[in-house]
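One structure below.
Index from 1, following the sequence.
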Amino acid sequence: MKISLFYEFALPRPWTDDDEFQMFQDGLAEVEAADKAGFSTVWLTEHHFLEEYCHATAPEMFLAAASQRTKNIRLGFGVMHLPPGINHPARAAERVATLDHLSGGRVEFGTGESSSVAELGGFNIDPADKRAQWEEALEVTVRAMTETPFSGFKGEHISMPPRNVIPKPRQTPHPPLWVACTRPSSVQMAAQKGIGALSFAYTGPEALGERVRGYYEEFENAAAPSVPQMNPNILAIGGDLSMMVAKTDEEAVERLGLGGGFFSFGIMHYYMTGMHTPGRTGVWDSYLDAVKEDETLAYGPGRGAIGGPETVREFLRGYEQSGVDEIILLLNPRSHEGTMESIEIMGKEILPEFIERDEVARAEKAKRLEPVLEKAEARRRPWAVPEFDENYSIGGLPTGRGGKFTASEIPEAMAEINEGRVKAAQALKDQQG
């Protein structure tokens with residue numbers, strides 16, 4: 001089992017002018033330390049308009065900065081929202097590929113539909129269409145990363161003419177593909193498509209074990225991929241997977257404070273029961289009020305990798321026994337000092353044994369999956385890709401409104417450039433004459 005970190009960049013109020021700046025700087029220092037400690041991947045979500053709960057609105061920017069301060073840790077989109085009103089598939093392909101080059105081929109490409117009213121409504125996306133939009137966008141994004149040129153697409157939600165989308169990723173044919181899975185049916189769907197499942201796990205390793213077994217059974221019996229490269233993996237993330245490690249259990253709980261349950265509370269607030277006035281509602285204050293009524297909302301030992309080394313080691317071994325391929329640990333908001341010490345202790349006292357066992361397990365898994373992948377390839381369902389018309393070409397001035405409008409800024413700029421060139425040439429001629 002790989003062990004990774006997950007960032008939401010929660011930032012509870014009250015805020016000062018430097019808080020967001022310091023949050024990102026602290027995050028970069030933590031990722032650099034996590035790379036040295038031996039964590040597998042740093043996963044960064046993407047959300048919009050979810051103030052206090054998540055300030056990670058441009059994950060590729062942070063991950064690009066992190067790529068320049070790290071060497072081995074993989075960089076995961078956990079996840080990029082693919083509805084085209086949020087991220088056009090051509091732009092998604094460009095950003096993922098660019099990050100893949102900047103990082104030397106370390107990108108994990110997690111994808112999702114988006115689920116909150118704040119985001120879907122903010123980008124004018126009908127919730128009834130989001131699955132279909134994800135389906136189309138996944139195809140267009142992957143094809144844009146792998147076709148030279150992309151030969152075009154015309155669907156219900158996306159229409160794009162032929163273009164050569166550049167750069168292509170460093171990893172060939174593309175970075176590993178994942179999809180966010182909030183329920184068993186979406187884990188099943190991921191297996192059927194032959195891609196990785198970013199699975200939420202809220203009820204402990206026993207229930208997760210059933211989900212893992214279900215994923216691999218579905219993969220073996222029904223995977224019929226369209227994507228060029230399959231990714232048979234399932235990982236776990238959830239509200240019960242916070243991380244705060246210290247020398248003793250008591251010190252870890254003290255450092256965690258009340259923040260461990262804020263991730264789950266934020267989901268309830270923004271996705272289910274909360275009513276939010278942008279720029280006004282205090283989400284952290286609401287959380288503190290809820291904790292006063294029910295102290296179990298704030299996590300402690302047994303509700304994550306929280307405690308001294310032995311406590312955390314045993315907690316992680318329980319998840320390892322579930323058969324999950326990777327576990328992602330949540331980081332507590334406004335806890336930089338505690339997070340840095342947690343990362344250091346994990347690297348020195350906990351991660352080495354898991355890394356050693358994972359290397360053996362991955363080799364055994366690769367051998368075990370050889371016939372499974374062979375069967376899945378035999379069931380492959382290629383996308384209906386239009387043949388590229390070699391006579392197709394683009395050029396000229398942009399026109400619109402039925403030919404009544406022609407963009408004139410470039411001809412005007414070129415005329416000015418030519419005028420300058422002629423004047424410079426005449427000046428040179430006069431000097432030489």
Query raised in the report: Excluding sequence neighbours, so at least two apart, what forms ring pair (Phe, Tyr, Trp, His ring centres under 6.0 Å) with His269?
Result: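 In terms of ring pair (Phe, Tyr, Trp, His ring centres under 6.0 Å), with neighbours along the sequence ignored, His269 is linked to His276.
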Query - Pairing residues for Tyr53 by the ring pair (Phe, Tyr, Trp, His ring centres under 6.0 Å) criterion, not counting sequence neighbours - result: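 Expected list: none.
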Query raised in the report: Yes or no on side-chain hydrogen bond (donor to acceptor under 3.5 Å, both in side chains) for Thr111 and Trp178, after CA distance, side-chain angles and deciding distance?
Result: CA-CA 6 Å; Thr111 68; Trp178 303 77; over 6 Å; no
Query raised in the report: Where do Ser199 and Arg211 land on the side-chain hydrogen bond (donor to acceptor under 3.5 Å, both in side chains) test, with the steps shown first?
Result: CA-CA 9 Å; Ser199 176; Arg211 188 167 293 191; 3.2 Å; yes
Query raised in the report: Can you list every pair that meets salt bridge (charged side-chain N to carboxylate O under 4.0 Å, His left out) and has a residue in residues 74-84, with sequence neighbours left out?
Result: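 Every pair satisfying salt bridge (charged side-chain N to carboxylate O under 4.0 Å, His left out) with a residue in residues 74-84: Arg74-Glu108.
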May I ask you to decide if [Y]'s main-chain N or O and [X]'s side chain share a donor-acceptor pair within less than 3.5 Å?
X	Y	answer
Lys130	Ser114	yes
Asp325	Leu235	no
Ser103	Asp100	yes
Glu320	Phe354	no
Arg334	Pro12	yes
Asp35	Ile73	yes

Query raised in the report: Excluding sequence neighbours, so at least two apart, what forms side-chain hydrogen bond (donor to acceptor under 3.5 Å, both in side chains) with Ser67?
Result: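 Testing Ser67 for side-chain hydrogen bond (donor to acceptor under 3.5 Å, both in side chains), a comparison that skips the adjacent residues, returns none.
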Query raised in the report: Who passes side-chain hydrogen bond (donor to acceptor under 3.5 Å, both in side chains) against Ser393, sequence neighbours left out?
Result: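 Expected list: none.
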Query raised in the report: Among Gln133, Arg131, His81, whose side-chain hydrogen bond (donor to acceptor under 3.5 Å, both in side chains) with Glu113 holds?
Result: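 Considering Gln133, Arg131, His81, a side-chain hydrogen bond (donor to acceptor under 3.5 Å, both in side chains) with Glu113 is found only for Arg131.
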Query raised in the report: Is Glu364 salt-bridged to Lys367, cutoff N-O under 4.0 Å?
Result: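 No, Glu364 and Lys367 are not salt-bridged.
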Query raised in the report: Quick one: do Glu341 and Lys247 make a salt bridge, cutoff under 4.0 Å?
Result: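 A salt bridge is absent here (no side-chain N lies under 4.0 Å from a carboxylate O).
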[atom1] of [X]: more than 12 outside heavy atoms within 6.0 angstrom?
X	atom1	value
Gln426	CD	yes
Gln68	CD	yes
Gln25	CD	yes
Arg69	CZ	yes

Query raised in the report: Rounded to the nearest 0.5 Å, what separation is found between the CZ atom of Arg95 and the OG1 atom of Thr141?
Result: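 Here the interatomic distance stands at 9.5 Å.
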Query raised in the report: Does the side-chain hydrogen bond (donor to acceptor under 3.5 Å, both in side chains) test come out yes or no for Ser116 and Glu119, once each step is laid out?
Result: CA-CA 5 Å; Ser116 74; Glu119 294 165 294; 2.6 Å; yes
Report task. Going by the ring-ring contact (aromatic ring centres under 6.0 Å, His included) test, name the single residue among Phe24, Phe49, Trp15, Phe21 that passes it with His55. Result ->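 Between His55 and the candidates, ring-ring contact (aromatic ring centres under 6.0 Å, His included) is satisfied uniquely by Trp15.
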Requested in this report: Determine, step by step, whether Phe150 and Phe388 satisfy the ring-ring contact (aromatic ring centres under 6.0 Å, His included) criterion, reporting the C-alpha distance in whole Å, the side-chain angles of both residues, the deciding distance to 0.1 Å, and the verdict.
Outcome: CA-CA 8 Å; Phe150 169 75; Phe388 178 65; over 10 Å; no
Query raised in the report: After noting the C-alpha distance and the side-chain angles of Glu139 and Arg143, does the key distance pass the salt bridge (charged side-chain N to carboxylate O under 4.0 Å, His left out) rule?
Result: CA-CA 6 Å; Glu139 174 180 345; Arg143 285 182 48 209; 3.6 Å; yes
Query raised in the report: For Arg170, what residues pass the salt bridge (charged side-chain N to carboxylate O under 4.0 Å, His left out) criterion, not counting sequence neighbours?
Result: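 For Arg170, no residue satisfies salt bridge (charged side-chain N to carboxylate O under 4.0 Å, His left out) once neighbours in sequence are set aside.
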Report task. Take Lys423 and Asn418 through the side-chain hydrogen bond (donor to acceptor under 3.5 Å, both in side chains) test and state the conclusion after the steps. Result -> CA-CA 9 Å; Lys423 287 181 178 180; Asn418 287 332; over 6 Å; no
Query raised in the report: Mind checking whether Phe262 and Phe265 have parallel, tilted or perpendicular rings, split at 30° and 60°?
Result: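 Because their plane-to-plane angle is under 30°, the rings of Phe262 and Phe265 count as parallel.
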